[in-house]
Amino acid sequence: MRVAQPSPESIAEAARLLRDGKLVAFPTETVYGLGADATQGRAVAAIYEAKGRPRFNPLIAHVADIDAAEAIAEVGAAARRLAEAFWPGPLTLVLPQRPGSPIASLVTAGLDTVAVRVPSHPVARDLLRAVGRPVAAPSANRSGHVSATTAAHVAADLGASVSLIIDGGPAHLGIESTIVDVSQKVPLLLRPGAVTAEALAERLGAAPRPAAPAAADRPSAPGQLESHYAPSLPVRLEATSPREGEAFLAFGPFAPAYDGPLLNLSPRGDLVEAAANLFAALRRLDGSGARGLAVMPIPGQGLGVAINDRLRRAAAPRPARDAHGKAERPRTP
Ligand code: TXA
Ligand code: MG
């Protein structure tokens with residue numbers, strides 16, 4: 001790990017490292033971000049490994065400007081009003097993902113939407129322009145610790161796992177961006193932040209609806225909407241072999257041979273690779289026409305904790321489904 005002052009050279013190096021699939025920590029106006037190329041699943045999986053995060057939350061894709069946002073997402077009328085008023089700045093918009101978007105499915109946790117943010121910090125902007133790709137970046141701290149607002153926090157928390165930290169001084173705002181979901185008719189405030197509900201209301205004509213409070217069993221995401229892709233097939237965990245009619249999600253070199261729909265998350269048993277492939281594999285097998293989805297045991301170490309957490313959620317009883325068989329998204333009470 002190296003710490004560098006912002007300069008054209010350090011920013012070019014950071015961009016090169018990101019394109020190589022490495023992790024780079026960089027300042028934004030809210031908190032320091034732990035960045036990875038959002039188009040590389042393996043790089044995004046490394047974020048979770050570095051943070052020691054036991055769950056896969058969808059991440060924010062950071063881009064340089066609204067044009068770059070439009071390359072990955074559909075920016076509707078309400079979103080455009082907010083983007084024009086508050087970008088660049090501490091506002092994240094959850095938008096419908098553009099078909100064929102290059103965003104790795106681990107960034108969105110398999111959802112059809114993507115959270116997009118255009119930060120205003122000059123170092124973040126220069127870096128995003130230099131990378132020329134969306135950068136997934138949660139706050140640069142270990143899971144469960146407070147967000148990092150200085151390069152020293154980042155180094156203390158994540159030193160060993162980041163290739164480069166760009167030291168832009170203390171983050172000005174110190175709390176994460178406001179998140180508004182404008183992917184549906186009624187805008188939802190998913191996370192309060194520096195852009196206030198009043199300021200949003202001024203642009204939207206009405207205040208965004210507050211999102212449902214976090215469930216009691218998810219204290220790590222207070223006030224945040226947890227919205228996750230759920231397969232439509234019933235999921236059977238810890239399956240050593242598939243049963244008649246099932247699709248099989250395998251892991252490691254000892255997967256049984258199978259004539260039916262089969263994907264191996266990582267034939268060589270690498271959990272980072274498995275994490276990167278997880279959501280895309282779930283989607284593929286979910287659409288395979290099988291009557292169920294059987295999943296091989298995944299080791300519970302390292303990223304295996306997050307993978308198993310996600311698989312247990314996928315196997316848990318389902319929320320109500322709408323007429324199209326899609327899981328209904330959480331509603332405000
Ligand atoms: O200020 C910030 O936003 C910082 C800096 C580094 O930019 N980033 C940050 O990212 O806080 P992160 O990944 O920790 O926050 C992501 C949150 C998730 O917890 C989730 O609640 C929400 O954004 N989110 C992301 N994608 C979503 C989606 N498609 N639908 C709903 N919520 C989403
Ligand atoms: Mg955080």
Side-chain angles (χ1 to χ4, degrees), residues 23-36 38 44 47-48 50-51 53 55-64 72-74 79 86-98 101 103-121 123-125 127-128 134-149 153-154 158 165-166 168 171-184 187-195 208 211-215 218-229 279 327 329-330:
L23 301 184
V24 169
F26 62 96
T28 82
E29 70 278 20
T30 58
V31 297
Y32 273 71
L34 175 62
V44 177
I47 289 179
Y48 286 92
K51 287 188 64 117
R53 210 180 217 187
R55 300 213 319 265
F56 296 127
N57 291 324
L59 301 174
I60 296 169
H62 296 66
V63 294
I72 57 174
E74 279 155 16
F86 301 109
W87 280 358
L91 176 68
T92 295
L93 297 176
V94 173
L95 302 166
Q97 202 170 169
R98 194 171 275 294
S101 139
I103 298 286
S105 62
L106 194 55
V107 172
T108 63
L111 296 169
D112 296 326
T113 52
V114 58
V116 186
R117 161 155 144 74
V118 178
S120 62
H121 195 292
V123 173
R125 302 202 74 196
L127 177 59
L128 291 167
V135 172
S139 55
N141 51 275
R142 279 194 69 79
S143 181
H145 289 190
V146 293
S147 296
T149 52
H153 293 162
V154 181
L158 302 169
I165 301 172
I166 302 186
H172 315 288
L173 294 172
I175 84 162
E176 288 89 346
S177 60
T178 302
I179 306 181
V180 182
D181 183 345
V182 277
S183 68
Q184 300 178 94
L188 283 178
L189 181 62
L190 301 191
R191 181 171 78 185
V195 175
R218 295 171 186 168
S220 64
Q224 291 183 26
L225 183 74
E226 287 278 340
S227 155
H228 280 304
Y229 173 70
F279 290 101
R329 310 189 69 210

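Keep in mind that this is a model prediction, so the values were computed, not measured. Remember, it's 1-based here, ligands and their atoms both numbered in the order they're listed.
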Just heavy atoms, cut-off under 4.0 Å: does [X] contact ligand 1 by side chain, backbone, both, or neither?
X	value
T30	side chain
T108	neither
L111	side chain
D181	neither

Which pair of heavy atoms, one from [X] and one from [Y], lies closest together, and at what distance?
X	Y	result
I72	V114	O-CG1, 4.2 Å
F56	A109	O-CB, 4.0 Å
L34	I47	O-CD1, 3.6 Å

So, is [X] polar-close to ligand 1, with some N/O to N/O distance under 3.5 Å?
X	answer
Y32	no
N57	no
S177	yes

Which atoms of ligand 1 have any heavy atom of R191 under 4.0 Å away? 2 (C), 3 (O), 9 (C), 11 (O), 15 (O)
Per-atom filter on ligand 1: closer than 4.0 angstrom to a heavy atom of L190 are 31 (C), 32 (N)
Does T178 use its side chain to pair, donor to acceptor, with the backbone of G193 at less than 3.5 Å? yes
Pick from L95, T28, T113: the one approaching atom 28 (C) of ligand 1 most closely through a non-hydrogen atom: T113
Assess [X] for proximity to ligand 1: is some non-hydrogen atom of it under 4.0 Å away?
X	result
V94	yes
A137	yes
L59	yes

Which residues pass the ring pair (Phe, Tyr, Trp, His ring centres under 6.0 Å) test with H121, not counting sequence neighbours? H172
Side chains of T28 and R117: donor-acceptor distance under 3.5 Å anywhere? yes
T30 and S177 side chains, donor-acceptor separation under 3.5 Å: no
Within a strict 4.5 Å, meaning less than it, do heavy atoms of the T108 and T113 side chains meet? no
Quick one: list whatever passes salt bridge (Lys or Arg N to Asp or Glu O under 4.0 Å) with E74, sequence neighbours left out. none
